[in-house]
Amino acid sequence: MSKRTIYSIVAIVIVCGIYVFETYLNTKEQDAIISKGKIEKDLTNLFFLPTSTTGQIVHHDGYSLSYSEPHEQPEWVAYELKESQLVNTNFKRPYFEIDDAVKTGAAHWSNYKKSGYDRGHLCPAADREFNYDLYVETFLTSNISPQKHDFNSGVWNRLEQKIRYWAKRYDGVYVITGGVLKGNMKVIGDERVSVPNQFYKIVMDYNDGNPKALAFLMPHHNSAKPLYHFVVSIDSLENLTGIDFFSELDDVLENKLEASSSYKNWHF
DNA sequence: CTGCACGAC
DNA sequence: GTCGTGCAG
C-alpha cells in the first residue's frame, strides 16, 4: 500500500468522523428543542387564537391565554392537543404559582384556600403529561378559575375526557376554554377572584381537510345530562363573551364553523 | 381523572 | 411556605 493511499484513507476517515460528530451534535440540539420548545414553536403560528377583550395575551410553551385583571383569571386559554401527546404518566402534582408573565399580576393561589371552590384547570394538567415542564406549567394561577368541586370532577371532567377521546379519534384538536366573565359573580379571596356562572369550551378538528368545530356552554353546576345537551353555536358564545374566536380564519370558513350548533359530525 | 385537608418540618 | 400522606366525587 502506497503512502498516498494511506493518506487518502486517513483523510476520508477524518472527514467522515467530523460529519458523524456534527450530526450527533445537531441531533442533541434538536432533541433539546423538541423537549422544551416544540409547542412554543407551534404557537408562533397559531391561526386559531381568539381575540383578547383585555389586551393581555400571554404565550406559554404549552398554551396561550388572555388574562382578565378585573376578574383575576383568564378569559380564555387555548392550546393544541395532538394524538401523540396523549400519554399517561404519574407526575406528582406541584404547587400552584403566580404567573410572572402576566404583567398586571396574576392572582395568588391562597385566594382559593378554604373558599369552597376548586382551583380548576382550564388547560388540564392531564393534557400536558407528555412533558414534565409543560405539566408543571399548567399549575400557574393564570390557568385556573374557581370551580365547584362537583362540577369540576363531574360534568366538566367528562367533557375534558371527551376532548382527549376526540384528540385521539381525529388525530389532534385545538381547544379554547374559559369561564364566562359577565354579569353578577361571586368573588373569593383578598384579590376578589370572580366565580363564573358559566364555562365554555370550543373544540376544533382541523386535520381531515374539512375542519369542523363544536362549542359547549355549561352552567356552573354539576349535571348528569349527556354532553351534547350543552352544545351551542360559536356565534352565540361570541355574543355572550364579546370574544371573536376564529378571526384569523378565512371568512367563509369562519362563518360556516361558527353558525353551526350541529354535532352530527362528532362522535360521542 | 378531578381535586382538598391536615400535620410535620 | 413546603412536603408527604390520606381521602372524596
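First the proteins, then the strands, lettered A, B, ... as listed; each starts at 1.
- Map Trp109(A) and Gly154(A) each onto its nearest nucleotide of DNA chain C; the residue landing nearer the 5' end is Trp109(A).
- The number of heavy atoms from other shown groups lying within 6.0 Å of CZ (Phe91(A)) is above 12.
- Side-chain contact of Ser261(A) with Ser233(A): a donor-acceptor pair under 3.5 Å is absent, judged by distance alone.
- Within the 4.0 Å cut-off from OP1 or OP2 of dG3(B), at least one side-chain nitrogen or oxygen of His121(A) is found.
- On the nucleic acid side, DNA chain C contacts chain A at distances under 4.0 Å to non-hydrogen atoms, with the end points of that region at dC3(C) to dG9(C).
- The ring-ring contact (aromatic ring centres under 6.0 Å, His included) test with Trp266(A) singles out one residue from Tyr228(A), Tyr165(A), Trp166(A), and that residue is Trp166(A).
- In this structure, Asn222(A) atom CG and dT2(B) atom P are separated by 15 Å, rounded to whole Å.
- Contact annotation for Glu97(A): no contact, since no heavy-atom pair falls under 4.0 Å across all strands.
- Asp190(A) CG: 12 or fewer foreign heavy atoms inside a 6.0 Å radius.
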If you restrict it to nitrogen or oxygen atoms, what contacts under 3.5 Å exist between nucleotides 4-6 of chain B and the protein, and what is each distance?
from   : atom 1 : to        : atom 2 : distance (Å)
dC4(B) : OP1    : Arg119(A) : N      : 3.1
dC4(B) : OP1    : Arg119(A) : NH1    : 3.4
dC4(B) : OP2    : Arg119(A) : NH1    : 3.2

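- Each of Glu72(A), Gln73(A), Gln56(A) was compared with Tyr67(A) under the side chain to side chain donor-acceptor pair (under 3.5 Å) criterion, and only Glu72(A) meets it.
- Taking the centre and axis of the six-membered ring of Phe151(A), the NZ or CZ atom of Lys148(A) falls outside the cone set by 45° and 6.0 Å.
- Two residues, Lys92(A) and His108(A), neighbour DNA chain C, and the one matched to the more 5' nucleotide by heavy-atom proximity is His108(A).
- Residue contacts shown for Glu160(A) are limited to sugar-phosphate atoms, with no base heavy atom under 4.0 Å away.
- In this structure a side-chain-to-backbone donor-acceptor pair under 3.5 Å is present from Thr177(A) to Tyr200(A).
- Side-chain N/O atoms of Tyr206(A) and Lys212(A) include no donor and acceptor closer than 3.5 Å.
- A salt bridge links Asp127(A) with Arg164(A): the closest approach of a Lys/Arg side-chain nitrogen to an acidic carboxylate oxygen falls below 4.0 angstrom.
- Atom CG of Leu122(A) is separated from atom C1' of dT2(B) by 13 Å (rounded to the nearest Å).
- Proximity of Asn157(A) to the phosphate of dC1(B): no side-chain N or O atom is located under 4.0 Å from OP1 or OP2.
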